[in-house]
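Worksheet: the structure to be examined is printed underneath.
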Amino acid sequence: MPDNKIEVGNTNTPGRTQRLDRAKYEAMREALLPVLPKAPPGIKVAEAKAALLPHLDQNLFPGGAKAGWWLKAVQLDLEGKGIIARADGSPVRLYRK
């Protein structure tokens, strides 16, 4: 039986992981990565959310429900894995490495 959970990390708490719904995680990851630029300064988190919302599976995220929470979970996991990064300064701006 395939595992419907995925273990994700958090760049803010290294070494700590949690198990989340695999389908929602993967859908958010697949929507997030293409909207992020490949170099700093990147885009603001709110801009990333606005850009990815139309690409989310409406069965998983009806009307964008809980998209902000899942965006943050995927962001922190991918930062910890070195796949995406934050540009220096404020507000938080994300880009692919």
Side-chain angles (χ1 to χ4, degrees):
M1 176 192 316
D3 190 359
N4 63 353
K5 298 287 185 178
I6 188 167
E7 195 167 286
V8 300
N10 181 327
T11 193
N12 295 330
T13 54
R16 181 177 175 266
T17 61
Q18 96 187 76
R19 293 175 52 79
L20 300 178
D21 182 277
R22 180 180 297 275
K24 288 185 178 183
Y25 176 91
E26 290 177 352
M28 181 59 70
R29 178 185 165 124
E30 289 174 18
L32 174 61
L33 287 175
V35 304
L36 296 180
K38 294 181 181 178
I43 61 173
K44 296 176 190 172
V45 175
E47 294 168 338
K49 182 179 177 186
L52 66 78
L53 279 175
H55 304 286
L56 289 177
D57 182 333
Q58 288 300 301
N59 292 318
L60 296 174
F61 300 96
K66 305 289 184 196
W69 188 91
W70 283 94
L71 170 56
K72 182 56 77 173
V74 170
Q75 170 200 331
L76 294 174
D77 182 56
L78 295 180
E79 280 186 80
K81 292 175 178 168
I83 297 170
I84 67 173
R86 294 180 197 200
D88 292 335
S90 184
V92 172
R93 298 175 80 77
L94 303 173
Y95 64 95
R96 285 183 281 155
K97 288 181 105 179

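The chain is numbered in sequence order, starting from 1.
With rounding to the nearest 0.5 angstrom, the CH2 atom of Trp69 is 10.0 Å from the CE atom of Met28. Separating the CD atom in Glu79 from the NZ atom in Lys72 is a distance of 7.0 Å, to the nearest 0.5 Å. Taken to the nearest 0.5 Å, the OH atom of Tyr25 stands 10.5 Å off from the CD atom of Glu30. Interatomic distance, Leu56 CG to Trp70 CH2, rounded to the nearest 0.5 Å: 12.0 Å. From Gln18, atom CD reaches atom CD of Glu7 across 10.0 Å, with rounding to the nearest 0.5 Å. If you take CG on Leu53 and CD on Gln58, they are separated by 8.5 Å, rounding to the nearest 0.5 Å.
Of all heavy-atom pairs between Lys44 and Pro91, the closest is CE-CG, 3.9 Å. Here the closest non-hydrogen pair linking Pro40 and Ala87 is CB-CB, 4.4 Å. The shortest non-hydrogen separation linking Gly80 to Thr11 is N-CB, 3.7 Å. Nearest heavy-atom pair, Leu32 versus Ala48, reported as atom, atom and distance to 0.1 Å: CD1-CB, 4.2 Å. Annotation for Leu20 and Ala73: closest pair CD1-CB, 4.0 Å, computed over non-hydrogen atoms. Taking all atoms of both residues into account, the shortest heavy-atom contact from Leu60 to Lys24 is O-CE, 3.4 Å.
Residues Leu94 and Arg86 have side chains in contact (heavy-atom distance under 4.5 Å, counting atoms from C-beta outward). Contact of the Leu78 side chain with the Arg96 side chain is not registered, since no non-hydrogen atoms from C-beta on lie closer than 4.5 Å. When side chains are defined from C-beta on, Lys5 does not count as touching Arg22, because their heavy atoms never get closer than 4.5 Å. Within the 4.5 Å cutoff, the side chain of Asn4 has no heavy atoms near those of the Asp21 side chain.
No more than 12 heavy atoms of other residues, nucleotides or ligands sit less than 6.0 Å from atom CG of Asp88. When the shell of 6.0 Å around NZ of Lys81 is examined, it contains more than 12 heavy atoms from other residues, nucleotides or ligands.
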* To do: Report the C-alpha separation of Asp77 and Arg29 in whole Å, then their side-chain angles, then the decisive distance to 0.1 Å, and conclude whether the salt bridge (charged side-chain N to carboxylate O under 4.0 Å, His left out) test is met.
  => CA-CA 10 Å; Asp77 182 56; Arg29 178 185 165 124; 5.4 Å; no
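The hydrophobic clustering, which links ILVMFWY residues whose side-chain heavy atoms are closer than 4.5 Å, places Ile84 and Leu76 apart. Residue Tyr95 is not grouped with residue Val35 when hydrophobic side chains (ILVMFWY) are merged at heavy-atom distances under 4.5 angstrom, including chains of intermediate members.
No donor-acceptor pair under 3.5 Å is formed between the side chain of Arg16 and the backbone N or O of Asn10.
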